[in-house]
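Encoded as structure tokens, the structure appears first; notes follow it.
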Amino acid sequence: MQNTLSGLAALWLSVIVVTVLEAQPKPQPDVLLFTDGERLTGHFVKSSGASLTFHSDTLGDITVDWSKVKELQSSAKVAVIPKDVHLRKPADATSIPQGTISVQDQQVHLAAESLPGTIERTIPVGDAGQIVDQASFQKALEHQPGFFEAWKGTVTIGASTVNATEDSESFTGAVNLVRSIPTETWLQPRNRTSLNLSAAYGEITQPATPTIKTSIYHGDAERDEYFSPRLYVFGQAAFDHNFSQGLDLQQTYSGGIGITVVQRANETLDLKASVSYVKQEFNGAPNEDLIGSIFAEGFNRKFKHLTLDQHLMLTPTWNNTNAASAAFNAVLTMPVYKRLNGSVGFIDSYLNNPAPGFRKNSVQTTLGLTYALP
């Protein structure tokens with residue numbers, strides 16, 4: 001009897017909860033009105049620079065230029081970060097306007113609740129660098145990602161085989177990962193960690209003929225620590241093997257300073273300089289222990305349907321100037337399907353002191369499929 005009464009009480013409580021929830025009024029959808037009179041309903045997501053993202057139940061997420069928007073009516077509570085402002089700590093949130101957003105005639109209106117009433121503030125759209133929802137704003141300021149969080153990057157593979165009088169097979173692959181903390185562009189960067197691995201292997205075989213082999217491997221890791229939004233110090237370790245140049249293993253350990261010269265939504269340019277120790281181990285030639293410098297440049301540009309990622313590195317060596325080296329690579333990616341992209345790459349590795357009988361330049365061109373990690 002007692003169990004029956006308990007069950008009936010639980011059922012009655014569930015009915016009351018469902019009734020109360022259904023009785024609560026549903027929030028009204030946000031309304032986006034365009035300058036041409038077109039109207040969308042859904043909810044405001046965010047704004048970055050000259051555009052905003054709006055979620056429509058029928059169209060999904062769409063990005064619209066503010067210049068095409070006449071009016072936005074929303075119940076969303078947001079934070080408006082002015083242009084060129086980079087926050088560093090949670091206490092900085094007190095300087096950021098927050099409240100319920102509406103937009104009319106290129107003016108952002110914020111209504112913030114405060115005793116005894118409501119405080120309204122108006123900000124020109126052109127002065128609002130970022131507009132993010134209030135919950136995400138607070139989380140970004142307070143959350144400290146663990147080491148296995150916030151990694152982004154790409155995985156690329158390519159392969160080919162030929163079976164005829166000559167049998168050949170080749171494989172190329174690369175993994176490029178980067179972890180920038182914090183992840184939001186409106187927060188001042190604290191550190192950045194990058195990991196890069198690449199490999200190219202191939203064989204050509206023919207009866208009664210020596211096998212021709214290609215074997216090139218590269219790996220590097222770098223840690224950047226920022227002490228201003230654009231200036232940072234870094235430490236790097238790199239390892240290279242290139243059978244085509246008689247290089248069994250090259251180890252490079254560097255420490256230096258870097259600066260982000262260009263930082264835009266679709267374009268970045270970094271310059272770096274370091275002091276380096278380089279150890280080269282050759283097949284059939286004396287090993288080298290070198291003290292040198294690395295001068296490097298990294299450029300990334302996003303076009304409408306293409307992305308260019310390019311790097312140049314020059315390594316003069318001071319205790320043996322004949323042992324200088326350089327490296328250049330560029331990768332162009334284009335969308336194929338969702339996170340899957342096609343890629344075309346060019347890599348040139350230069351050693352001024354290869355093993356006897358080997359060329360100074362090792363040039364690779366690659367075609368592959370690239371998967372972008374979320």
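Basis for what follows: all heavy atoms, side chains included, without hydrogens, waters or symmetry-related copies. The first residue in the sequence is number 1, and the count goes up from there. All values reported here derive from a predicted model rather than from experimental measurement.
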Requested in this report: For Leu195 and Val175, run side-chain contact (heavy atoms from CB on, under 4.5 Å): C-alpha distance rounded to whole Å, both residues' side-chain angles, the deciding distance at 0.1 Å, then the answer.
Outcome: CA-CA 8 Å; Leu195 298 171; Val175 177; over 6 Å; no
Query raised in the report: What's the verdict on side-chain contact (heavy atoms from CB on, under 4.5 Å) for Gln130 and Ser47, showing C-alpha distance, side-chain angles and the deciding distance?
Result: CA-CA 6 Å; Gln130 302 277 343; Ser47 170; over 6 Å; no
Query raised in the report: Going through the distances and angles, do Leu110 and Val80 end up as a side-chain contact (heavy atoms from CB on, under 4.5 Å)?
Result: CA-CA 9 Å; Leu110 283 178; Val80 180; 3.6 Å; yes
Report task. Could you walk me through whether Asp348 and Asn329 pass side-chain hydrogen bond (donor to acceptor under 3.5 Å, both in side chains), step by step? Result -> CA-CA 6 Å; Asp348 186 359; Asn329 69 76; over 6 Å; no
Report task. Apply side-chain contact (heavy atoms from CB on, under 4.5 Å) to the pair Leu247 and Phe282, showing each step before the final yes or no. Result -> CA-CA 5 Å; Leu247 181 65; Phe282 291 99; 3.8 Å; yes
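Rounding to the nearest 0.5 angstrom, the gap separating the CG atom in Leu269 from the CZ atom in Arg264 is 9.5 Å. With values rounded to the nearest 0.5 angstrom, Glu288 atom CD is found 11.5 Å from Glu281 atom CD. Of the inter-residue distances, the one linking Gln250 atom CD with Asn287 atom CG reads 11.5 Å to the nearest 0.5 angstrom. Rounded to the nearest 0.5 angstrom, Phe234 CZ and Ser194 OG are separated by 10.0 Å. Distance CG/Asp224 to CD1/Ile181: 12.5 Å, rounded to 0.5 Å. One finds the CZ atom of Phe239 at 7.5 Å from the CG atom of Leu249 (value rounded to the nearest 0.5 Å).
Under the 3.5 Å distance criterion, with hydrogens and angles disregarded, a donor-acceptor pair is assigned to the side chains of His109 and Thr122. Under 3.5 Å, the side chains of Ser51 and Trp66 contain no donor-acceptor pair of N or O atoms. Between the side chains of Gln280 and Asn353, a donor-acceptor pair is found at a separation under 3.5 Å. For Asp240 and His218, the side-chain atoms include at least one donor-acceptor pair closer than 3.5 Å. Remark: the Ser276 side chain and the Ser254 side chain contain an N/O donor-acceptor pair separated by less than 3.5 Å. Side-chain contact annotation: Tyr217 with Asn242, donor-acceptor N/O pair under 3.5 Å absent. In summary, the side chains of Thr193 and Arg179 do not present any donor paired with an acceptor at a separation below 3.5 Å, with no hydrogens or angles considered. Residues Ser74 and Asp30 bring a donor and an acceptor atom of their side chains to less than 3.5 Å of each other. Side-chain contact annotation: His55 with Asp61, donor-acceptor N/O pair under 3.5 Å present. With 3.5 Å as the limit, one finds no donor-acceptor pair spanning the side chains of Asn320 and Thr317. A donor atom on one side chain and an acceptor atom on the other are not found under 3.5 Å apart for Asn283 and Asp248. Side-chain polar atoms of Asn300 and Asp309 form a donor-acceptor pair below 3.5 angstrom.
Taking each heavy atom of Ala79 and Phe137 in turn, the nearest pair found is CB-CG, 3.6 Å. Here the closest heavy-atom approach between residue Ser343 and residue Leu369 is recorded as OG-N, 4.5 Å. Nearest heavy-atom pair across Gln98 and Ala93 is NE2-O, 3.5 Å. Between His311 and Gly298, the closest heavy-atom pair is ND1-CA, 3.7 Å. Considering all non-hydrogen atoms of both residues, Pro356 and Ala285 come closest at CD-CB, 3.7 Å. When all heavy atoms are compared, the tightest approach of Ile291 to Asn319 is N-OD1, 3.0 Å.
Counting only distance, with no hydrogens or angles, the side chain of Asn352 and the backbone of Ala324 share no donor-acceptor pair below 3.5 Å. Judged by distance alone, the side chain of Asp92 and the main-chain N or O of Arg88 form a donor-acceptor pair under 3.5 Å. Although no hydrogens or angles enter the test, the distance criterion places no donor-acceptor pair under 3.5 Å between the side chain of Asp65 and the main chain of Lys68. With Asn341 contributing its side chain and Arg339 its backbone, the two residues share a donor-acceptor pair below 3.5 Å. Between the Thr321 side chain and the Trp318 main chain, no donor and acceptor come within less than 3.5 Å of each other. Judged by distance alone, with hydrogens and angles left aside, the side-chain atoms of Ser228 form a donor-acceptor pair with the main-chain N or O of Leu231 at under 3.5 Å. A distance-only check finds no donor-acceptor pair linking the side chain of Gln310 to the backbone of Phe328 [under 3.5 Å]. The backbone N or O of Lys360 lies less than 3.5 Å from a partner atom in the side chain of Gln245, making a donor-acceptor pair. One N or O on the side chain of Glu149 and one on the backbone of Gly146 form a donor-acceptor pair closer than 3.5 Å.
Under the 4.5 Å side-chain heavy-atom criterion for ILVMFWY residues, a single connected hydrophobic cluster contains both Leu367 and Met334. Hydrophobic cluster membership is shared by Val262 and Ile257, with clusters built from Ile, Leu, Val, Met, Phe, Trp and Tyr side chains linked at under 4.5 angstrom. Side-chain heavy atoms closer than 4.5 Å link hydrophobic residues (I, L, V, M, F, W, Y) into clusters, and following such links, even through other members, never connects Leu87 to Phe227. Residues Leu306 and Val331 do not share a hydrophobic cluster, clusters being chains of Ile/Leu/Val/Met/Phe/Trp/Tyr side chains in contact below 4.5 Å. Leu52 and Ile81 sit in two unconnected hydrophobic clusters of ILVMFWY residues. Membership requires side-chain heavy atoms under 4.5 Å apart, directly or through other members.
Around atom NZ of Lys152, no more than 12 heavy atoms belonging to other residues, nucleotides or ligands sit under 6.0 Å away. Counting non-hydrogen atoms of neighbouring residues, nucleotides and ligands closer than 6.0 angstrom, the CD1 atom of Ile157 reaches no more than 12 such neighbours. In the displayed structure, Phe148 atom CZ is contacted under 6.0 Å by at most 12 heavy atoms of other residues, nucleotides or ligands.
At a threshold of 4.5 Å between non-hydrogen side-chain atoms, the residues Asp84 and Trp186 do not count as touching. Contact of the Val108 side chain with the Ile131 side chain is registered, since non-hydrogen atoms from C-beta on lie closer than 4.5 Å. Using a 4.5 Å cut-off on side-chain heavy atoms (C-beta onward), Pro29 and Val31 make no contact. Considering only heavy atoms from C-beta on, Asn176 stays 4.5 Å or farther from Val155 through its side chain. Leu312 has its side chain out of reach of Phe299: every pair of non-hydrogen atoms, C-beta onward, lies at least 4.5 Å apart. Looking only at side-chain heavy atoms (C-beta outward), Val69 and Val64 come within less than 4.5 Å of each other. Using a 4.5 Å cut-off on side-chain heavy atoms (C-beta onward), Ile294 and Met313 make contact. Side-chain contact between Ile259 and Asp270 is absent, with no heavy-atom pair separated by less than 4.5 Å.
The cationic atom of Arg192 (NZ for Lys, CZ for Arg) lies less than 6.0 Å from the six-membered ring centre of Tyr232 and within 45° of the ring axis. A cation-pi arrangement, defined by a distance under 6.0 Å to the six-membered ring centre and an angle within 45 degrees of its axis, is present between Arg301 and Phe303.
A salt bridge links Glu222 and Lys272; the closest N-O separation between the charged side-chain nitrogens and carboxylate oxygens is under 4.0 Å. Ion pairing between Lys213 and Glu203 fails under the 4.0 Å rule for side-chain N and carboxylate O.
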